[in-house]
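Note that ligands are numbered from 1 as they come in the structure, with each ligand's atoms numbered from 1 the same way. Along the sequence shown, residues are numbered consecutively beginning with 1.
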Amino acid sequence: MARIGLLTGGGDCPGLNAVIRAVVRKGINAYDHEFLGFRHGWAGVMDGKVDELTLQTTRGIIHRGGTILGTSRTNPYKVDGGAERARATLAQHRIDALIPIGGEDTLGVAGRLSEEGVKVVGVPKTIDNDLASTDYTFGFQTAVQIATDAIDRLHSTAESHNRVIVCEVMGRHAGWIAVHSGLAGGADAILVPERPFDIDEVCEHLRHRQSTGHPFSIVVVAEGATPKDGDVLSEYQTTDAFGHVRLGGIAVTLEREIEKRTGCEARMTLLGHIQRGGTPTAYDRVLGTRFGVEAIDAVTEGDFGKMVALRGTDIVRVPLEEALAEPKLIDPKLYETAEVFFG
Ligand code: F6P
């Protein structure tokens, strides 16, 4: 029997509650562990804001979006004495092991604490699907489905008005959401960070479509896509505690440029946080549950410094540092498949 801390950090993500429920359910029923949930990610660990997690408090949450623990983008290593405060809280609450559920940033903090002797097993979370060492993260499939539904709806206006519709999706510096939703939604162009675009070529392609009997087009653009001769086009100047620039708004520029250069009416839609909200798909509930069960098994076996991961159809454990080494970018072959349908 052990006292185990749980936290969710970074952007909220569909499937987080499925992980919490799975960890606690198996941890109590199979191993008799006790659980404390830290509120709002690493902020709760630094400030000692904690709730007991029981079978009762984690019941009936598998279908709920967001996270019952709350989340934040707090980085204890960017706060004076933050890491010391975090370790002091863990000692005060007699935490034997920690299960942080998060993306690159949250797990990056976990990796540093692990090097300093804290026992951790990480669970990979992000709608962006950009974490190395796991084929998929939970939340990604839900985001792709939401974006695909939106593209389907945007087709109505594109087709009725003969317009170019630019749909901006999230994904940070990886084009996973863009390429999957664009492929599923039959996009006529997909702009991703992995392939800097030339606006003249994009407009030429749209004009060519027009002149060959396709009077409307759908362009899916990832928020982190960049022009060949420029930088990220964001509406914001701010960075978060992990040094990431806030993205969003490239579609505003694209709408204007496409209309100006092609003479075709253009409209943009920015999906934003709609992609992260609401109920997780069945796939993400199942993946989150499988990750949660594996994480509590790893903790119970004392297999620390690991992250649970999906490889093919298997759930495995990988060293945390391996998972954090590089972001996982889109497979060029996947993009080439989507490209077949741009014509
Ligand atoms: O990492 C998930 C994500 O939704 C990114 O796709 C996006 O760039 C970012 O988080 C937005 O963060 P916030 O909710 O802090 O604006």
Among Arg73, Lys125, Glu223, whose heavy atom sits nearest atom 10 (O) of ligand 1? Arg73

Mark yes or no for whether Glu194, through its side chain, and Ala174, through its backbone, hold a donor-acceptor pair below 3.5 Å. no

Closer than 4.0 angstrom: is that true for some heavy atom of Leu247 and an atom of ligand 1? no

Check: Thr300/His33 side-chain N/O donor and acceptor closer than 3.5 Å: yes

How does Asp240 reach ligand 1, if at all, at less than 4.0 Å between non-hydrogen atoms: by side chain, backbone, both, or neither? neither

Establish, from distance only, whether the side-chain atoms of Gln145 and Thr281 form a donor-acceptor pair under 3.5 Å. no

Please assess Leu55 against Arg25 for the test side chain to side chain contact (heavy atoms under 4.5 Å, CB included), listing each intermediate value before the final yes or no. CA-CA 6 Å; Leu55 294 177; Arg25 187 75 61 90; 3.8 Å; yes

Roughly how far, to the nearest 0.5 Å, is the OG1 atom of Thr8 from the CD1 atom of Ile20? 5.5 Å

Which is it for Asp128 and ligand 1 at heavy atoms under 4.0 Å: side chain, backbone, both or neither? side chain

Considering non-hydrogen atoms of the protein only, which is the closest contact for atom 11 (C) of ligand 1, and what is the distance? Arg276 NH1, 3.6 Å

Closest to atom 14 (O) of ligand 1 (heavy atoms only, candidates His244, Arg246, His273) is His273

Give the intermediate values and the outcome of side chain to side chain contact (heavy atoms under 4.5 Å, CB included) for residues Ile296 and Phe35. CA-CA 11 Å; Ile296 196 60; Phe35 292 94; 3.7 Å; yes

So is Gly171 polar-close to ligand 1, meaning N/O to N/O under 3.5 Å? yes

